[in-house]
Amino acid sequence: MVRKYTDEQLLQRVTEVEGFTNIPKGRWILGVRSNEDLFNTYDDKFYIFQGKKFIDVMTGTTNAGEVFIKGGFKKYNKNGVAIVKADMWHNDVWEYGLHRGKMPSLRQTGAKISIYRDNDMDKRTEEWGEVYRGYFGINFHSNTYNFSEDNLKVTRNTINSWSAGCQVINQRDRYIKQIEWFRNAQKSRLQKKVSYCLLNEFKPKL
């Protein structure tokens with residue numbers, strides 16, 4: 001699991017990576033990819049910020065699940081499963097919408113995103129080789145289509161087919177609260193596009 005960070009450590013680190021121009025004034029998402037990279041496991045973290053103000057943190061995955069890592073990617077792209085490039089800002093990448101037409105989510109309709117393609121079908125998700133940039137349907141969503149009160153309390157630890165490259169949350173109760181904020185913000189024209197910064201787990205400076 002990703003180590004604990006202070007808000008100041010996270011905000012400092014995001015200013016040091018590729019694509020940084022300024023901290024967004026609106027609400028944005030910061031992902032931290034675990035160095036341990038447990039196979040098929042939700043071992044990453046997602047922080048929600050409003051400008052420089054911390055809002056919430058959730059567990060999830062920045063990596064694809066077993067189904068797609070082990071060859072399922074061939075159905076979509078023979079070059080490999082999508083791995084979002086870390087230590088990079090993906091500015092204005094998401095907008096509120098429905099994942100697969102039925103789940104409240106943030107969809108990659110705002111801007112292009114940078115990814116690698118991993119095709120060796122081992123249990124690691126490596127960031128190496130060619131960088132691809134484009135619209136790949138890399139959405140931000142949860143791991144259920146059922147947001148009933150009872151189902152919101154369920155936390156699944158295995159990814160399986162819930163990610164082919166999407167950034168996926170397994171804490172459903174926290175997720176739905178945040179996604180409703182983005183839905184309402186878009187509806188009221190308070191905020192339409194959402195920026196994403198993805199970091200590799202890092203050792204804070206002394």
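Because only heavy atoms are used, hydrogens play no part in the values below, and waters and symmetry mates are left out as well, while side chains stay in.
- Hydrophobic clustering places Ile179 together with Leu98 (ILVMFWY residues linked when any side-chain heavy atoms are closer than 4.5 Å, directly or through intermediates).
- Between the CD1 atom of Ile29 and the OH atom of Tyr47 there is a distance of 14.0 Å, given to the nearest 0.5 Å.
- Looking at Glu16 and Lys205, their side chains come closer than 4.5 Å, going by heavy atoms from C-beta outward.
- How far SG of Cys166 is from CZ of Phe68: 9.0 Å, rounded to the nearest 0.5 Å.
- The cluster map of Ile, Leu, Val, Met, Phe, Trp and Tyr, joined by side-chain heavy atoms under 4.5 Å apart, puts Met88 and Ile113 in different clusters.
- The backbone N or O of Thr62 sits less than 3.5 Å from a side-chain atom of Asp44, completing a donor-acceptor pair.
- Residue-environment remark: NZ (Lys70) exceeds the threshold of 12 foreign heavy atoms within 6.0 Å.
- Note that the CD atom of Gln12 and the CG atom of Asp7 stand 13.0 Å from one another [nearest 0.5 Å].
- At distances below 3.5 Å, not a single donor-acceptor pair connects side-chain atoms of Thr15 with backbone N or O atoms of Arg13.
- Screening Thr155, Thr144, Thr158, Thr59 for a side-chain hydrogen bond (donor to acceptor under 3.5 Å, both in side chains) with Asn170, the sole residue that qualifies is Thr59.
- Formation of a donor-acceptor pair under 3.5 Å by the Tyr5 side chain with backbone atoms of Phe202 is found in this model.
- At a threshold of 4.5 Å between non-hydrogen side-chain atoms, the residues Leu11 and Phe54 do not count as touching.
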Stepwise side chain to side chain contact (heavy atoms under 4.5 Å, CB included) check, Asn79 with Phe73: CA-CA 8 Å; Asn79 291 322; Phe73 64 83; over 6 Å; no
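- Between Arg33 and Glu127 there is a side-chain heavy-atom pair separated by less than 4.5 Å.
- Judged by distance alone, the side chain of Asp92 and the main-chain N or O of Ser195 form no donor-acceptor pair under 3.5 Å.
- Looking at Pro24 and Phe49, their side chains never come closer than 4.5 Å, going by heavy atoms from C-beta outward.
- Taking 4.5 Å as the limit, every side-chain heavy atom of Val93 sits out of range of all side-chain heavy atoms of Ile138.
- Taken to the nearest 0.5 Å, the CH2 atom of Trp94 stands 14.5 Å off from the NZ atom of Lys193.
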Candidate pair Ser148 and Asn146, rule side-chain hydrogen bond (donor to acceptor under 3.5 Å, both in side chains), full reasoning: CA-CA 6 Å; Ser148 65; Asn146 177 8; 3.1 Å; yes
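- Partners of Lys74 under the side chain to side chain contact (heavy atoms under 4.5 Å, CB included) rule, at least two apart in sequence or in another chain, are Met121.
- Under the 3.5 Å distance criterion, the side-chain polar atoms of Glu201 are matched with a main-chain donor or acceptor of Asn35.
- The backbone N or O of Glu126 lies less than 3.5 Å from a partner atom in the side chain of Asp118, making a donor-acceptor pair.
- More than 12 heavy atoms of other residues, nucleotides or ligands sit less than 6.0 Å from atom CZ of Arg133.
- Classified by interplanar angle (parallel below 30°, tilted 30° to 60°, perpendicular above 60°), the ring pair His141/His99 is parallel.
- Lys123 is not listed as a side-chain neighbour of Ile69, based on a closest heavy-atom distance of 4.5 Å or more.
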Trace of the side chain to side chain contact (heavy atoms under 4.5 Å, CB included) decision for Asp87 with Leu199: CA-CA 4 Å; Asp87 292 334; Leu199 302 176; 4.0 Å; yes
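- For Gln108 (side chain) and Gly134 (main-chain N/O), a donor-acceptor pair under 3.5 Å exists by modelled atom type.
- At distances below 3.5 Å, at least one donor-acceptor pair connects side-chain atoms of His90 with backbone N or O atoms of Lys85.
- Ring pair Trp28/Phe140: centre-to-centre distance not below 6.0 Å.
- By the salt bridge (Lys or Arg N to Asp or Glu O under 4.0 Å) test, Lys192 pairs with Glu95, sequence neighbours left out.
- Stacking of Arg100 on the aromatic ring of Tyr145 is not recorded, the 6.0 Å distance cut-off and the 45° axial limit not both being met.
- Using modelled atom types, no side-chain atom of Arg172 and backbone atom of Phe147 make a donor-acceptor pair closer than 3.5 Å.
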Stepwise side-chain hydrogen bond (donor to acceptor under 3.5 Å, both in side chains) check, Asn40 with Asn160: CA-CA 6 Å; Asn40 202 38; Asn160 295 325; 3.0 Å; yes
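- The closest donor-acceptor contact from the side chain of Asp43 to the backbone of Ser34 lies at 3.5 Å or more, if one exists at all.
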Working for side chain to side chain contact (heavy atoms under 4.5 Å, CB included), residues Val32 and Leu10: CA-CA 9 Å; Val32 180; Leu10 292 170; 4.2 Å; yes
